[in-house]
Amino acid sequence: MTPYRRITRALPLSPAVVLLLLFLAGPIAYCVYIAFTDLQLTGQARASFVGFANFRHAFQDPEFRNAVWLTLVFTVLSSLVGQNTLGLALAALMKRASKPVRTLTGGVVITAWVLPEVVAGFLLYAFFRREGTLNAILDWLHLPRQNWLFTLPILAVSFANAWRGTAFSMLVYSAALDEIPSEITEAAEVDGAGGWRRMWHITLPMIRRSIGTNLMLNTLQTLSVFGLIWVMTRGGPGNRSQTLPLFMYEQAFQNSMIGYGTAVALLLLLVGSLFSVVYLRLLRTEV
Amino acid sequence: MPRKRTSRRLAADLSLLAVAVAFALPLAWVVLSSVDPHANLRVRVPDGFTLDNFDAILTPDITYTPLLNSLVLCGGGTALTVVCAALAAYPLSRFRSRLNRPFLLTILFATSLPITAIMVPVYALFVRVNLIDTLQGTIFFFAASQLPFAIWLMKNFMDGVPKELEEAAWTDGASSLQSLIRIVLPLMGPGLAVVTVFSFVMMWGNFFVPFMLLLSPDQMPASVSINDFFGNRGMVAYGQLAAFSVIYSTPVILLYVLVARRLGGGFALGGAVKG
């Protein structure tokens with residue numbers, strides 16, 4: 001092939017490559033740069049290079065450690081336990097349920113997923129508020145009411161993220177379960193394997209790749225949740241629901257320390273890249 | 001055996017219904033409150049039916065301008081994404097090159113990066129290059145953040161269009177661009193619709209990007225302006241907030257239904273999970 005031909009063939013790629021370089025790769029490179037400076041919003045005119053100071057600061061900062069811990073809790077509760085397990089349970093139940101129930105439940109769960117992030121935040125805010133729906137139900141059951149967003153804010157936002165994100169896992173697992181040949185489950189049934197044993201020994205091993213990719217995608221999505229928590233609690237009260245994205249935002253803008261906030265962003269990006277690489281490896285075994 | 005199966009189906013039905021009710025409660029709140037003259041924070045049957053909440057918010061300030069801004073931002077972003085993705089997918093799908101695989105792996109890697117993390121540096125960068133508080137800057141960033149997934153999806157759909165049809169056009173002297181526009185894209189209509197709708201829905205619901213990159217109130221899209229119902233207006237009018245949420249959410253729900261019907265439930269997953 002002539003070089004000329006090679007270039008004309010690759011030409012249609014150029015608009016996309018230019019956009020990606022300028023607006024995605026560029027900011028990421030810039031992120032790496034300012035994470036090592038003391039750039040601030042106000043005061044000094046020029047930022048100077050400070051080496052690893054921002055990162056040292058982060059690891060000694062109790063608020064940063066608090067944010068890491070809350071991010072971990074948020075991810076485990078909402079993504080691992082909530083979205084993933086509930087999604088699998090729903091998909092498995094749907095295989096047995098009657099069609100109208102399947103359609104209805106699927107419709108409701110997917111609507112929660114399609115709603116804009118901020119709207120979902122408001123709906124769950126109303127649900128958990130002191131005068132909200134959850135306490136009304138507890139009253140009705142004669143159970144003690146709670147000011148959920150104050151006493152257990154991280155639990156409330158984790159529940160909210162599970163509510164919003166379960167549909168994705170449900171769809172992934174429904175597709176995965178449909179691909180299991182029915183002869184295999186029927187054979188196990190004839191051999192006398194009960195529901196739980198079939199699930200544990202046959203279904204789960206057969207869909208393990210879907211489980212892997214789904215866990216990765218859920219985790220990555222959960223790592224970057226901002227609007228939902230912002231609307232529900234603003235990271236508060238105090239910093240009791242302040243996950244890393246909200247901590248990054250607060251440091252950069254409320255405390256005007258862009259350099260420090262960006263160092264936190266870079267750490268978040270690194271964790272994300274790590275998950276992303278694992279995800280690619282999982283996909284490669286599948287292709 | 002049949003009896004056992006019936007009881008099993010009943011158990012599954014009941015569990016699913018319980019989940020459906022739990023998931024539906026917050027949704028019911030927004031729908032019921034929007035027509036309730038005395039809406040508060042809990043789900044309840046309205047003590048009357050009113051459209052006053054909608055009446056009160058259907059003004060240029062509260063609803064029309066933010067929705068128009070959303071439309072400009074997401075329409076612009078989607079158009080840019082779809083055009084760039086279609087052009088980029090063509091050589092990736094049609095021509096062999098040693099660079100295809102590394103490029104596609106990079107794209108796939110980028111689809112799963114937490115974009116939230118780079119919003120602070122993007123803000124700092126936009127301040128330096130004078131793109132902060134501009135619609136075009138936000139549109140460019142929207143398009144770039146959606147592009148990796150769009151290219152990936154588009155390429156997978158394009159692989160489904162047989163190459164023989166274009167070869168005939170090439171012998172008749174058509175250029176690649178002509179055969180892309182006249183032959184390939186029309187044949188992958190549903191795929192094109194999926195990429196378009198998916199990009200639009202993602203941008204329509206996005207809060208953090210416009211929240212960071214736009215500053216003037218008259219440029220705010222609905223995802224950010226909805227915050228005004230709290231804060232500076234003092235007492236929150238929950239009925240109006242609910243009515244606004246309904247209006248703001250309806251387009252994306254309709255679009256989803258439109259595309260999901262045509263392609264079966266998990267349309268968005270085709271590219272993401274199957275690889």
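Each chain gets a letter, A, B and so on, in the order its sequence line appears, and its residues count up from 1.
A:Pro116 and B:Trp204 get closest at one heavy-atom pair: CG-CD1, 4.4 Å. Nearest heavy-atom pair across A:Leu123 and B:Val30 is CD2-CB, 3.4 Å. Shortest non-hydrogen contact noted between B:Leu147 and A:Leu20 is CB-CD2, 3.9 Å. The two residues A:Phe122 and B:Asn227 come nearest to each other via the heavy atoms CZ-OD1, 4.3 Å. Closest heavy-atom contact between A:Ala97 and B:Leu16: CB-CD1, 3.5 Å. The two residues B:Pro121 and A:Tyr30 have their closest heavy-atom pair at O-CD2, 3.7 Å.
Side chains of B:Phe103 and A:Leu13 form a contact here, defined as non-hydrogen atoms less than 4.5 Å apart. Using a 4.5 Å heavy-atom cutoff, the side chains of A:Tyr249 and B:Met119 are not in contact. Side chains of A:Leu104 and B:Leu17 form a contact here, defined as non-hydrogen atoms less than 4.5 Å apart. Side-chain atoms of B:Ile115 and A:Leu24, non-hydrogen and from C-beta on, do get closer than 4.5 Å to each other. With a 4.5 Å cut-off on side-chain heavy atoms, B:Phe23 and A:Leu86 count as touching. Counting heavy atoms from C-beta outward, A:Leu266 and B:Ile118 have side chains that stay 4.5 Å or more apart. Residues B:Val120 and A:Phe253 are in side-chain contact: their nearest non-hydrogen atoms beyond the backbone lie under 4.5 Å apart. The closest side-chain heavy-atom distance from B:Pro26 to A:Trp163 is below 4.5 Å.
Proximity to chain B involves both the backbone and the side chain of A:Met94, based on heavy atoms less than 4.5 angstrom apart. For chain B, the nearby part of A:Ile34 is the side chain; its heavy atoms alone come within less than 4.5 Å. Neither the backbone nor the side chain of B:Phe244 comes within contact range of chain A, judged by heavy atoms closer than 4.5 Å. Residue B:Met202 does not touch chain A at all, counting heavy-atom pairs closer than 4.5 Å. Using a 4.5 Å cut-off between heavy atoms, A:Val17 contacts chain B through its side chain alone, with no backbone atom that close. For A:Ser174, no part lies under 4.5 angstrom from a heavy atom of chain B. For A:Arg96, the parts lying near chain B are the backbone and the side chain together; criterion is any non-hydrogen pair under 4.5 Å. If you measure heavy-atom distances from B:Leu14 to chain A, you find no contacts under 4.5 Å at all. Within the 4.5 angstrom heavy-atom criterion, atoms from both the backbone and the side chain of A:Leu268 approach chain B. Contact of B:Leu105 with chain A is made through backbone and side chain together, with heavy-atom distances under 4.5 Å. The part of B:Leu92 that comes within reach of chain A is its side chain, from C-beta onward, which places non-hydrogen atoms under 4.5 angstrom from that chain. Residue contact with chain A, scored on non-hydrogen atoms closer than 4.5 Å, is absent for B:Leu255. Only the side chain of B:Leu25 has a heavy atom closer than 4.5 Å to any heavy atom of chain A. For chain A, no part of B:Leu177 is nearby; none of its heavy atoms comes within less than 4.5 Å.
Judged by distance alone, the side chain of B:Trp29 and the main-chain N or O of A:Thr133 form no donor-acceptor pair under 3.5 Å. Side chain of B:Asp13 to main chain of A:Ser98: a donor-acceptor pair is present (N/O by atom type, distance under 3.5 Å, no hydrogens or angles). For the pair A:Ser224 (side chain) and B:Pro114 (backbone), a donor-acceptor distance under 3.5 Å is absent. A donor-acceptor pair is defined here as one N or O able to donate and one able to accept, closer than 3.5 Å; such a pair exists between the side chain of B:Arg42 and the backbone of A:Glu131.
Interface remark: of the candidates B:Ala144, B:Ala117, B:Ala124, B:Cys84, B:Ala117 forms the most heavy-atom pairs closer than 4.5 Å to chain A. Here B:Ser112 is the residue among B:Ala12, B:Ala20, B:Ser112 with the most heavy-atom pairs under 4.5 Å with chain A. When each of B:Leu125, B:Leu99, B:Thr250, B:Val201 is scored by its heavy-atom pairs under 4.5 Å with chain A, the top score falls to B:Leu125. With respect to chain B, the highest number of heavy-atom pairs below 4.5 Å among A:Ala16, A:Gly121, A:Ala176, A:Gly26 belongs to A:Ala16. The candidate with the highest count of non-hydrogen atom pairs below 4.5 Å against chain B, out of A:Thr166, A:Leu223, A:Val108, A:Leu228, is A:Val108. Ranking B:Val252, B:Asn40, B:Leu180 against chain A, the residue ahead of the rest is B:Val252, based on heavy-atom pairs under 4.5 Å. Ranked by non-hydrogen atom pairs under 4.5 Å with chain B, the options A:Ala136, A:Gly227, A:Pro245 are led by A:Ala136. Contact count versus chain B (heavy atoms, under 4.5 Å) is highest, among A:Pro27, A:Ser276, A:Gly272, A:Ala265, for A:Ser276. Listed options B:Phe211, B:Tyr90, B:Phe141 were ranked by heavy-atom pairs under 4.5 angstrom with chain A; first place goes to B:Phe211.
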Evaluation steps, side chain to side chain contact (heavy atoms under 4.5 Å, CB included), between A:Phe23 and B:Phe142 | CA-CA 9 Å; A:Phe23 290 92; B:Phe142 257 150; over 6 Å; no
Do B:Phe109 and A:Tyr279 pass the ring-ring contact (aromatic ring centres under 6.0 Å, His included) test, and can you show the C-alpha distance, the side-chain angles, and the key distance before you say yes or no?
-> CA-CA 8 Å; B:Phe109 172 74; A:Tyr279 168 66; over 10 Å; no
Quick one: do A:Phe275 and B:Leu113 satisfy side chain to side chain contact (heavy atoms under 4.5 Å, CB included)? Show the steps, please.
-> CA-CA 9 Å; A:Phe275 277 104; B:Leu113 282 182; over 6 Å; no
Could you walk me through whether A:Trp230 and B:Phe208 pass the ring-ring contact (aromatic ring centres under 6.0 Å, His included) check?
-> CA-CA 10 Å; A:Trp230 179 257; B:Phe208 203 28; 8.4 Å; no
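Within 6.0 Å of CZ in A:Arg234 there are more than 12 heavy atoms belonging to other residues, nucleotides or ligands.
Under the 30°/60° scheme for interplanar angles, the aromatic rings of A:Trp113 and B:Tyr256 are found to stand perpendicular.
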